[in-house]
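Here the structure is laid out as structure tokens; the discussion comes afterwards.
Index from 1, following the sequence.
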Amino acid sequence: MKKQKISPLLIAVGVLAVLGIVYVGILQGKARQEKKQEEEKEYIIKMENVTGLSLQHNGETLEFVKEDGNWVYKEDAEFPLKTSSVSSLESAVSALEPVRVLDGAEEMASYGLTEPQSWVALTGEDGTVKKLLLGDAADDNYYACVEGEGTVYTISSTVLNDLPDDLYDWIQLETFPNVSSTDIVSVQVEKNDGTGYLLEKEENEVLVQKEEETDADTDRTEESSGTEIDADGTEQSSEMEPETELVAEWYVTDNGGTRRKIEASGTADTVTDKLAYLYVTSCANYKASEEELGMYGLLNPTVITYQYPAKDTESTETKDAEIKDTEEKEETLEKMVLEVGSLDESGTYYYVRMQDSQAVNQVSAENLNVILEKTAENFE
């Protein structure tokens with residue numbers, strides 16, 4: 001009687017099944033081990049679903065709450081809060097592990113915890129509050145404890161380093177449009193003394209000088225009459241169609257309306273380069289009143305307006321469909337309006353305000369001075 005052979009395919013399937021069982025077993029074992037390690041961890045504070053965070057640092061007390069899952073400043077929900085900063089501190093404190101547990105700790109005053117230099121309090125969704133007190137430095141760490149509990153710990157300096165010196169440390173700064181100097185097509189400067197200038201870029205067609213070409217491989221001979229004779233005797237005109245290219249040219253207009261072309265290459269670029277690299281260094285007042293605007297020199301400001309092409313966010317397919325059978329598409333321009341006030345006490349920054357914003361920011365005077373000190377006459 002012949003022995004029945006086992007199909008290699010069945011053997012392979014069996015091996016895979018065994019390996020699958022082993023793999024699942026390994027994963028389950030790893031999960032159990034991680035769960036055990038997590039249960040054995042010691043936390044100073046362990047809180048999930050945090051709904052409130054308050055802190056005191058450098059003598060200032062700040063309070064934040066979650067609304068629809070997002071952090072806001074409790075005193076004014078319109079404050080432009082950099083929510084990632086609050087979330088970072090929340091993550092650090094809500095699962096805080098000690099560097100060391102001090103068994104047999106002395107009086108709290110010995111660690112600077114009777115009158116702590118700073119504290120952070122978390123509120124859970126059930127109303128539970130855990131307040132972490134931060135005391136004196138302990139080498140590279142800090143003494144800490146939870147208010148109402150007797151155990152003293154040392155913790156990483158990360159928590160203290162994450163605390164803001166004031167509310168403005170956690171502000172989301174406004175930004176300028178992300179454009180290059182070559183994107184800018186016009187700049188108007190209206191100074192508060194009544195002077196100013198307007199720069200405009202135009203793309204004009206100019207003739208291109210093309211070098212004469214010779215082709216030793218052709219069967220044509222050129223005669224002085226301006227015609228070429230092919231090998232079969234057919235006359236062909238040798239005159240070339242004039243070639244043109246688009247060249248960007250800048251024009252300046254003064255207050256009197258006199259407009260002229262700027263001849264020197266790169267002269268207008270000194271202005272557009274500075275505009276393209278403007279950035280907000282800090283915010284002086286996120287919601288300035290009329291009276292406060294006067295303090296910053298922004299009730300009678302110099303106004304800088306510049307235009308640039310709108311960013312095209314359409315897909316290629318959509319754009320192709322819209323401009324099909326159309327040779328040219330009208331370009332849409334966006335504009336940025338910047339009000340420039342007075343210099344700060346150091347003379348290093350100007351107070352500025354963007355159009356439709358209540359915030360007063362600071363921008364480098366070095367960059368703005370190049371734009372403000374220009375006149376229509378000194379564009380060569």
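Note on Lys130 versus Glu149: salt bridge recorded, some NZ/NE/NH1/NH2 to OD/OE distance being below 4.0 Å. The existence of a salt bridge linking Glu90 and Lys66 is confirmed by a sub-4.0 Å separation between a basic side-chain nitrogen and an acidic carboxylate oxygen. Salt bridge Lys201/Glu249: absent, no basic N to carboxylate O contact under 4.0 Å.
Judged by distance alone, with hydrogens and angles left aside, the side-chain atoms of Asp166 form a donor-acceptor pair with the main-chain N or O of Asp169 at under 3.5 Å.
Screening residues 182-200 for salt bridge (charged side-chain N to carboxylate O under 4.0 Å, His left out) gives Glu200-Arg259 as the qualifying pairs, with residues at least two apart or on separate chains. Screening residues 286-299 for salt bridge (charged side-chain N to carboxylate O under 4.0 Å, His left out), with sequence neighbours left out, gives Asp76-Lys287, Glu78-Lys287. Within the structure, ring pair (Phe, Tyr, Trp, His ring centres under 6.0 Å) contacts touching residues 51-70 (residues at least two apart or in different chains) are Phe64-Tyr73, Phe64-Trp170.
Residues satisfying the ring pair (Phe, Tyr, Trp, His ring centres under 6.0 Å) test with Tyr153, not counting sequence neighbours, are none. By the side chain to side chain donor-acceptor pair (under 3.5 Å) test, Thr302 is found to be paired with no residue, residues two or more places apart in sequence or in another chain being considered.
For Lys374 and Tyr197, the positive end is not near the middle of the six-membered ring at less than 6.0 Å and at most 45° from its axis.
Other members of the hydrophobic cluster containing Leu133, listed by chain and number, are Leu102, Met108, Tyr111, Leu113, Trp119, Tyr143, Val152; membership follows side-chain contacts under 4.5 Å among ILVMFWY residues, whether direct or relayed.
To the nearest 0.5 Å, the span separating OH on Tyr350 from CD on Glu366 amounts to 12.0 Å. With rounding to the nearest 0.5 Å, the separation of CG in Asn192 from CG in Leu299 is 11.5 Å.
Of the candidates Leu160, Asp136, Asn58, Leu163, Gln117 forms a side-chain contact (heavy atoms from CB on, under 4.5 Å) with just one, namely Leu160.
Within a 6.0 Å sphere centred on CG of Asn378, other residues, nucleotides and ligands contribute more than 12 heavy atoms. Annotation for Tyr279: atom OH does not count as buried by contact number, only 12 or fewer foreign heavy atoms lying within 6.0 Å. Atom OH of Tyr308 sits in a crowded spot, with more than 12 heavy atoms from other residues, nucleotides or ligands closer than 6.0 Å.
Counting only N and O atoms by type, the side chains of Thr61 and Gln56 include a donor and acceptor under 3.5 Å apart. When only modelled atom types and interatomic distance are considered, Glu125 and Thr51 share no side-chain donor-acceptor pair under 3.5 Å.
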